[in-house]
Amino acid sequence: MGMSSVHVLDHPLIQHKLAILRNKNTGVKEFREVVGEISGLMCYEATRSLPTEEVEVETPLMTAKCRVLSGKKLAIVPILRAGLGMVDAMVELIPSAKVGHIGLYRDPETHLPVEYYCKLPEDIGARQVFVVDPMLATGGSAVAAITFLKEHGCRNIIMMNIIGCPEGVKAVREAHPDVEIYLAAMDEGLNDQAYILPGLGDAGDRIFGTK
Ligand code: PRP
Ligand code: URA
């Protein structure tokens with residue numbers, strides 16, 4: 001199987017909004033809003049290759065050939081907590097998508113993901129899944145979440161992160177070469193606390209105001 005691709009969505013609107021997220025002076029309200037805006041723009045690109053089928057629609061004047069989404073139903077799976085900040089914008093664009101939740105936190109010493117919650121749609125294995133989390137740092141959380149989804153039968157998984165770095169991308173590509181990764185930015189790397197540099201700090205704390 002070939003290696004998955006990494007798509008860096010460096011659209012001017014996304015870059016502009018990312019500058020707001022990175023700024024340490026951006027407050028909780030604006031941070032949360034802009035995470036949503038970037039998520040919507042990323043969703044637009046990450047769904048570009050979804051299959052469509054032709055249907056006929058009666059306009060007030062005549063019959064029009066249109067295209068609608070076909071194929072697998074969709075699911076959005078945020079990695080808690082920070083992934084929650086990306087869900088509303090995605091659901092707004094894909095209202096029929098179901099939402100599953102995977103709770104992981106990084107152990108502050110080992111930086112390894114610890115699972116504390118999981119609730120997935122019953123038919124998750126039959127769906128096209130979008131895993132969302134603002135940060136792809138060591139990749140430990142993403143790899144664990146994707147492994148978990150595969151254990152539940154998922155075969156079509158797309159990963160969406162706002163900021164990634166080479167270490168995290170490498171980890172996901174090695175463990176899950178079939179998963180396409182969409183990022184708004186590929187940063188330089190990690191510090192010794194496994195925070196992304198230059199990054200935006202702790203995404204969960206900035207979305208929920210916990211620090
Ligand atoms: C953050 C982030 C990712 C993870 C990325 O979550 O939202 O889930 O770290 O790091 P990794 O790639 O090294 O695994 P965190 O563990 O801080 O939990 P939170 O979202 O509950 O704040
Ligand atoms: N999690 C975050 O929220 N930020 C980072 O930089 C790394 C992991």
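Numbers here are sequence positions counted from 1. Atoms within a ligand are numbered from 1 in the order they appear, just like the ligands themselves. All heavy atoms count here, side chains included; hydrogens, waters and symmetry mates do not.
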Polar pairs, ligand 1 vs protein, N/O only, below 3.5 Å.
| from | atom 1 | to | atom 2 | distance (Å) |
| --- | --- | --- | --- | --- |
| ligand 1 | 7 (O) | D133 | OD1 | 2.8 |
| ligand 1 | 8 (O) | D133 | OD2 | 2.5 |
| ligand 1 | 10 (O) | R106 | NH1 | 3.4 |
| ligand 1 | 12 (O) | A137 | N | 2.9 |
| ligand 1 | 12 (O) | T138 | N | 3.1 |
| ligand 1 | 12 (O) | G139 | N | 2.8 |
| ligand 1 | 13 (O) | R106 | NH1 | 2.7 |
| ligand 1 | 13 (O) | T138 | N | 2.8 |
| ligand 1 | 13 (O) | T138 | OG1 | 2.5 |
| ligand 1 | 14 (O) | S141 | N | 2.8 |
| ligand 1 | 14 (O) | S141 | OG | 2.6 |
| ligand 1 | 16 (O) | R106 | N | 2.9 |
| ligand 1 | 20 (O) | R81 | N | 3.1 |
| ligand 1 | 20 (O) | A82 | N | 3.0 |
| ligand 1 | 21 (O) | R81 | N | 3.2 |
| ligand 1 | 21 (O) | R81 | NE | 3.1 |
| ligand 1 | 22 (O) | R81 | NE | 3.4 |
| ligand 1 | 22 (O) | R81 | NH2 | 2.9 |

Within-4.5 Å side-chain heavy-atom neighbours: [X] and [Y]:
X: L50; Y: L74; value: yes
X: L183; Y: I163; value: no
X: L200; Y: M135; value: yes
X: K150; Y: I157; value: yes

### Query
If you group Ile, Leu, Val, Met, Phe, Trp and Tyr whenever their side-chain heavy atoms sit less than 4.5 Å apart, what else falls in with V57?
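Cluster partners of V57: V55, V68.
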#### Entry: Close residues, ligand 2: non-hydrogen atom nearer than 4.0 Å
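The 4.0 Å shell around ligand 2 contains R106, M135, A137, A194, Y195, I196, G201, D202, A203.
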### Message
Please list all pairs meeting ring-ring contact (aromatic ring centres under 6.0 Å, His included) that have one or both residues in residues 149-192, counting only residues at least two apart or in different chains.
### Response
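Pairs touching residues 149-192 that pass the test: H7-Y182, F148-H152.
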### Salt-bridge present (R48, E45; N to O < 4.0 Å)
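Looking at E45 together with R48, the answer is yes, because their closest N to O distance falls below 4.0 Å.
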### Task
State whether K65 and E56 are salt-bridged, where the test is any N-O pair (Lys NZ or Arg NE/NH1/NH2 against Asp/Glu carboxylate O) under 4.0 Å.
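E56 and K65: salt-bridged.
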### Query
Does R106 reach the main-chain N or O of A194 with its side chain, forming a donor-acceptor pair under 3.5 Å?
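Looks like yes, one N/O pair under 3.5 Å.
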